[in-house]
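Take a look at the structure below.
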Protein chains: 2
Amino acid sequence: MYVTISHGNAQPFAPSKLAARKTPLKTLKKGAYLYFEGDDVTHLFIIETGVVRLTRVLEDGRRQVIAFGYPGDIIGFPAQDTHHTDCDALCDTKLCSIPRKVLEDSSADPDLHSVLIQAALQEISAMQDHFMMLGRKSAPEKVASFLTVLLERIGDTSVEPQVLALPMSRSDIADFLGLTTETVCRCLTALRKAEIIRIDGISKVAVLDQSALAQRADGQLN
Amino acid sequence: MYVTISHGNAQPFAPSKLAARKTPLKTLKKGAYLYFEGDDVTHLFIIETGVVRLTRVLEDGRRQVIAFGYPGDIIGFPAQDTHHTDCDALCDTKLCSIPRKVLEDSSADPDLHSVLIQAALQEISAMQDHFMMLGRKSAPEKVASFLTVLLERIGDTSVEPQVLALPMSRSDIADFLGLTTETVCRCLTALRKAEIIRIDGISKVAVLDQSALAQRADGQLN
DNA sequence: CGCTCTATTGAACCGCATCAACGAACGTGG
DNA sequence: CCACGTTCGTTGATGCGGTTCAATAGAGCG
């Protein structure tokens, strides 16, 4: 599942199930591209480790980050045979590649086919949540939502306070939320000053008060 | 395909193919609901005639129109067994219902199964386009984009100028684009004053200059 | 015909973008 | 290893686009 403002009861797809099939494992260095907008879709990919970024740009340079892909996420669903986003790695990343025909021809590998369909449906649902965030939430709500979703998705519940790694830059977050880097910074600073988060260097955030964060994500205060 | 800012080479799915199967035809009066958020998903639906509206609301009443469904569109894709939007009819509407299991069990009806998967993939692609619009376009660009997409989707190319029916209210358009009704009005008025459109009553717009409209949709001039 | 709801237009405000300056982190070459 | 340059992050000041509030006009319906 992609990083969006979903309500959390989704599970990543067991990598083991795929590892057992010995699907080819692909490695992507930080900054390397997996595909570009317009490329033919030959494979789908399941992320094993690392984080990727899916982006789309307008001619005038405006950019939208469509999604961040985390381990367990399936990326590269085709429409009309070509990729409609660019995809690159935010850190070193390993992926399993799955021939596209598995998605479209259920007889090739019925179990995997069914997993892919479930992933696509999850994706639609998650994107619907993201619409609400992009269209109807304020900047502070967006940033709080982003951290909340990330926490649900990759938070480590065994430690307190929970620490989030942010492999993406501030401008990636901004382009994901429809904001500017300055606004993202200011919203993070506000959360820090309210002692809801602690900022441990550029790419690490500790969540000190998860329920306060969740409240701000839904606009229940400020 | 849903009404989003896609780049137009998608085709609706031939209703004939389904009519031939004599799938049950359901009728929905204007204003009637097809399902609510939280309902169990038992069927998917293909729209034969009419227009439906998919919406989601926050507790505080903020609303996002996720999509408008036009003839040929397939709606009701499940994630985790329940609907995540409300769906109601903007005018009298007829739909074919398809048992959900056709989507998930390819053996029941392989051809239809494959049609549904293609529809879901289209949907993902169209939603990605919509992200760019919600996150990165100005109000005038959003309104121009909306009209442009509607024109590609349902425009009647046999008449000149092309006339668009708008069965949805201004606030539906606003909630689809992440704006207010006032802003939608002002943007429409601006297009009218620029003689790009003509407003023929509340629910009809004639597009006088399609290329000027397309340019504004991409921000190439005011 | 009158009531209600939606659309339109105007005026004022505000949230976020923009512009600008500074600081921190990082990589490179000496 | 340090000096330097470059990129990224943070903070402040200002402006503007779109919201909010308010009033009027128009459409739909009993």
Side-chain angles (χ1 to χ4, degrees), chain A residues 29-31 53 58 60-65 90-91 133-146 165-194 197-205 216 219 221-222, chain B residues 29-31 53 60-65 90-92 133-147 165-193 197-205 216 219 221-222:
Chain A
K29 287 273 174 205
K30 175 176 178 171
R53 174 179 69 179
L58 291 179
D60 60 13
R62 280 179 288 181
R63 195 176 70 128
Q64 178 73 39
V65 171
L90 293 174
C91 50
M133 183 162 72
L134 280 174
R136 285 292 172 228
K137 292 208 172 186
S138 70
E141 287 168 2
K142 285 177 178 179
V143 172
S145 297
F146 176 69
L166 299 178
M168 68 292 287
S169 70
R170 296 291 187 267
S171 72
D172 287 333
I173 299 174
D175 286 340
F176 182 65
L177 299 176
L179 300 171
T180 60
T181 59
E182 293 94 328
T183 300
V184 170
C185 269
R186 279 185 249 272
C187 291
L188 287 173
T189 301
L191 289 172
R192 177 174 59 73
K193 286 186 176 167
I197 63 172
R198 193 182 61 224
I199 299 179
D200 295 350
I202 283 178
S203 56
K204 212 174 274 183
V205 167
R216 302 211 173 200
L221 54 144
N222 287 359
Chain B
K29 287 273 173 206
K30 174 175 177 174
R53 173 179 69 177
D60 61 13
R62 281 178 289 181
R63 195 176 71 126
Q64 178 72 40
V65 171
L90 293 173
C91 49
D92 291 357
M133 183 162 72
L134 279 174
R136 286 291 173 228
K137 292 208 172 187
S138 71
E141 287 168 2
K142 285 178 177 179
V143 173
S145 297
F146 176 69
L147 293 177
L166 298 179
M168 68 292 286
S169 70
R170 298 290 188 267
S171 72
D172 287 333
I173 299 174
D175 286 340
F176 183 64
L177 299 176
L179 299 171
T180 60
T181 60
E182 293 95 328
T183 301
V184 171
C185 269
R186 280 185 249 271
C187 291
L188 287 173
T189 301
L191 289 172
R192 177 174 58 74
K193 287 187 175 166
I197 63 173
R198 191 182 63 225
I199 299 180
D200 295 350
I202 282 179
S203 56
K204 212 174 275 183
V205 167
R216 300 209 177 204
L221 55 144
N222 289 359

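Order of the sequence lines sets the chain letters (A, B, ...), proteins ahead of strands, with each chain counted from 1. Side-chain atoms are counted along with the backbone in the values below, which use heavy atoms only and exclude waters and symmetry mates.
- Partners of Arg63(A) by side chain to side chain donor-acceptor pair (under 3.5 Å), not counting sequence neighbours, listed by chain and number: Asp172(A), Asp175(A).
- Counting only heavy atoms from C-beta outward, the side chains of Met168(A) and Val65(A) never approach each other to under 4.5 Å.
- Every residue two or more places apart in sequence or in another chain that forms a side-chain contact (heavy atoms from CB on, under 4.5 Å) with Leu58(A) is listed here: Asp60(A), Arg62(A), Met132(B), Lys137(B).
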* How does protein contact run along nucleotides 11-23 of chain D, one letter per nucleotide 5' to 3', with B for base contact, S for sugar-phosphate only, - for none, heavy atoms under 4.0 Å? -> BBB----SBBB--
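- In this structure, the side chain to side chain donor-acceptor pair (under 3.5 Å) partners of Asp200(B), at least two apart in sequence or on a different chain, are Arg198(B).
- As rounded to whole Å, 9 Å separates atom C1' of dG28(D) from atom CD1 of Ile202(B).
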* Asked: Between Leu191(A) and Val205(A), is a side chain to side chain contact (heavy atoms under 4.5 Å, CB included) present by the stated rule, with each step listed?
  -> CA-CA 11 Å; Leu191(A) 289 172; Val205(A) 167; over 6 Å; no
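- Remark: Ala139(A) pairs with Leu179(A), Thr183(A), Cys187(A) by the side-chain contact (heavy atoms from CB on, under 4.5 Å) rule, at least two apart or across chains.
- The shortest side-chain heavy-atom distance between Thr189(B) and Lys193(B) falls under the 4.5 Å cut-off.
- Contact footprint of chain A on DNA chain C: nucleotides with an atom under 4.0 Å from a non-hydrogen protein atom, first to last in 5' to 3' order, dC16(C) to dA25(C).
- With values rounded to the nearest 0.5 angstrom, Arg53(A) atom CZ is found 13.0 Å from Phe176(A) atom CZ.
- For Ser138(B), the side-chain contact (heavy atoms from CB on, under 4.5 Å) partners are Pro140(B), Glu141(B), not counting sequence neighbours.
- Comparing the axis of the opening five pairs of the helix from dC1(C)-dG30(D) to dG30(C)-dC1(D) with that of the closing five pairs yields an angle of 40°, rounded to 10°.
- Taking Ala194(A) as the reference, Ile196(A), Arg216(A) meet the side-chain contact (heavy atoms from CB on, under 4.5 Å) condition, with sequence neighbours excluded.
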